[in-house]
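In what follows, chains carry the letters A, B, and so on, assigned in the order in which the sequence lines appear, proteins first and then strands, with residues in each chain numbered from 1.
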2 protein chains.
Amino acid sequence: MSLPHALLGLINYKPATGYELKARFKQSVHFFWNAGLPQIYRSLNEMKSKGWLSLTVQHQDGRPSKKVYSLTQSGREELLRWLSEPGEISESRHQLMIKVFFGNQSGTDVLAGHIKDWRDRHLALVRMYETDVPSLLERYGALVSSRGDAFCWGLTLDYGKRHAEMVVEWCDQALKDIEGLQQGGAASK
Amino acid sequence: MSLPHALLGLINYKPATGYELKARFKQSVHFFWNAGLPQIYRSLNEMKSKGWLSLTVQHQDGRPSKKVYSLTQSGREELLRWLSEPGEISESRHQLMIKVFFGNQSGTDVLAGHIKDWRDRHLALVRMYETDVPSLLERYGALVSSRGDAFCWGLTLDYGKRHAEMVVEWCDQALKDIEGLQQGGAASK
DNA sequence: TTGCTCATGTAACAGGTTACATGATTAA
DNA sequence: TTAATCATGTAACCTGTTACATGAGCAA
């Protein structure tokens with residue numbers, strides 16, 4: 001369980017409603033984690049009942065009321081406790097790698113098609129990391145920024161970029177290898 | 001939903017029981033996907049009721065009977081259909097990156113500790129990809145192997161290794177940056 | 001007038017994990 | 001005699017997704 005802690009971290013920058021939190025996810029950590037609104041609302045309720053959050057209702061004219069959540073002392077403690085805890089090994093469920101693993105059953109043409117797709121998507125991601133994302137982080141950073149925050153966000157950004165680049169390189173090599181296999185020699189029993 | 005398809009792929013090499021499939025997962029795709037026994041048994045039942053699998057019960061002396069599943073024609077078709085389908089973008093839920101993102105809230109010492117841990121684990125993974133895993137794949141490959149299968153398995157192996165190497169490199173850079181931040185300049189507002 | 005943004009949620013379902021239950025064989 | 005391996009599963013629970021429900025304001 002970890003979504004509640006991600007929410008604690010975001011709310012700790014600045015109190016927020018569930019709806020706003022959804023948007024903050026999109027602007028910040030959504031490359032590494034995302035969450036739907038129903039799940040956010042559900043989590044906020046649980047967190048409140050654990051005493052991690054306090055709630056202020058803001059009435060608005062002509063719009064639904066806002067439920068603005070803030071961290072309580074106990075919420076702040078829980079966040080720090082979790083952040084200090086050694087992380088669990090994250091399980092990646094990697095659909096494409098399964099398809100690659102069984103690639104001999106689908107045939108190398110199908111396989112090469114998937115890999116080309118994947119390469120394109122990750123190349124686009126690399127571009128995004130280079131152009132769109134920094135400005136996004138900057139805009140988001142403007143809300144609450146300290147130099148330390150910006151530094152940490154930069155680290156995750158760098159990770160995402162390296163990851164996407166690694167994938168592109170792997171795809172290139174794999175496509176070369178497949179070509180070699182198709183031309184070079186018989187690839188059956 | 002994709003576990004059933006991974007199971008189809010494994011059974012297609014050779015008929016198997018639920019228990020054996022769990023072991024095969026461990027020997028083959030478990031870097032990219034894993035599954036518990038309850039889930040495997042549940043999936044096998046569903047797959048059978050969809051007509052993808054046929055079942056033979058093998059009685060054994062002094063041991064519980066085996067339920068050996070094989071692919072039906074319809075199962076083979078479903079597997080090929082799924083393998084040809086373009087893959088969904090896999091959502092990685094990356095706990096450590098969340099902790100990095102909020103690293104300024106926990107402090108750079110805690111953060112550096114996590115990253116060191118992670119570096120160690122991935123360095124161990126790199127070593128494993130270099131030594132243990134190839135022999136594992138070979139042993140597994142001996143069961144059913146064709147050159148094409150071995151080739152595809154090698155591709156996933158290469159991906160895993162590249163990934164682990166990339167993580168180690170990122171960790172090294174991040175640790176350097178953190179050090180620089182701690183020495184170089186004030187890291188507050 | 002069509003669709004987007006703001007703002008709340010509920011209900012049902014799908015997928016994955018953990019705990020519980022059984023019981024024989026075999027190697028340390 | 002203790003623990004691991006073989007072999008089956010059920011029940012409960014946690015998490016995440018999708019579909020449904022409401023309703024005002026505003027821009028194209």
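- Using a 4.0 Å cut-off between charged nitrogen and carboxylate oxygen, A/R81 and A/E78 count as a salt-bridge pair.
- When the C1' atom of C/dG16 is taken as reference, atom CZ of B/F25 falls 12 Å away, rounded to whole Å.
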Practice prompt. Test B/W118 against B/H114 for ring pair (Phe, Tyr, Trp, His ring centres under 6.0 Å), laying out the working first.
Written response: CA-CA 6 Å; B/W118 224 46; B/H114 287 323; over 10 Å; no

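- Straight-line distance from the NZ atom of B/K48 to the P atom of D/dT8: 14 Å, rounded to whole Å.
- On a pure distance criterion of 3.5 Å, no polar donor-acceptor pair joins the side chain of B/R93 and the base of D/dG16.
- Contact annotation: B/Q39 side-chain N/O to C/dG16 OP1/OP2 distance is under 4.0 Å.
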Under 3.5 Å, N/O pairs linking protein and nucleotides 4-6 of chain C:
residue, atom, partner, partner atom, Å
C/dC6, OP2, A/Y19, OH, 3.3
C/dC6, O4', A/R63, NH1, 3.3

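- Closest-nucleotide positions on DNA chain C for A/Y69 and B/G36 were compared, and the one nearer the 5' end corresponds to A/Y69.
- One N or O donor and one acceptor, one from the side chain of A/R42 and one from the base of D/dG16, sit under 3.5 Å apart.
- Distance from the side chain of B/L37 is smallest for D/dT8 among the nucleotides D/dA11, C/dG9, D/dT8.
- Taking atom CG on A/L21 and atom C1' on C/dA7, their separation rounds to 13 Å, with Å as the unit.
- Between A/H94 and B/Y159, the angle of the ring planes goes over 60°, which puts this pair in the perpendicular group of the 30/60° scheme.
- Put simply, NE2 on B/H59 is 17 Å from C1' on D/dC6, counting in whole angstrom units.
- One atom, CG of A/N34, and another, P of D/dT17, lie 8 Å apart when rounded to the nearest Å.
- One can place CG of B/N45 at 18 Å from P of D/dA7, the figure rounded to the nearest angstrom.
- Taking the six-membered ring where tryptophan is involved, the planes of A/F31 and A/Y129 are tilted, since the angle between them lies from 30° to 60°.
- Classification of the A/F102-B/Y13 ring pair by plane angle, with boundaries at 30° and 60°, yields tilted.
- Taking atom CD1 on A/I40 and atom P on D/dT15, their separation rounds to 15 Å, with Å as the unit.
- At the phosphate of C/dT8, OP1 or OP2 sits under 4.0 Å from a side-chain N or O atom of A/T17.
- Scored by the side chain to side chain contact (heavy atoms under 4.5 Å, CB included) test, A/Y19 finds A/T17, A/L37, A/Y41 as partners (sequence neighbours excluded).
- Annotation: the terminal axes of the helix from C/dT1-D/dA28 to C/dA28-D/dT1 meet at 40°, where each axis is the rotation carrying the C1' atoms of four end pairs onto the next four (5 pairs per end, rounded to 10°).
- The pair B/R162-B/D158 meets the salt-bridge criterion, since a charged nitrogen lies less than 4.0 angstrom from a carboxylate oxygen.
- Of the side-chain N and O atoms in A/Y41, one or more sit less than 4.0 angstrom from OP1 or OP2 of C/dT8.
- Atom CG of B/L44 is separated from atom P of D/dG9 by 9 Å (rounded to the nearest Å).
- In this structure, A/K14 does not pair ionically with A/E20, as no charged nitrogen and carboxylate oxygen lie closer than 4.0 Å.
- Cation-pi contact between A/K99 and B/W82: present, with separation from the ring centre below 6.0 Å and deviation from the ring axis of at most 45°.
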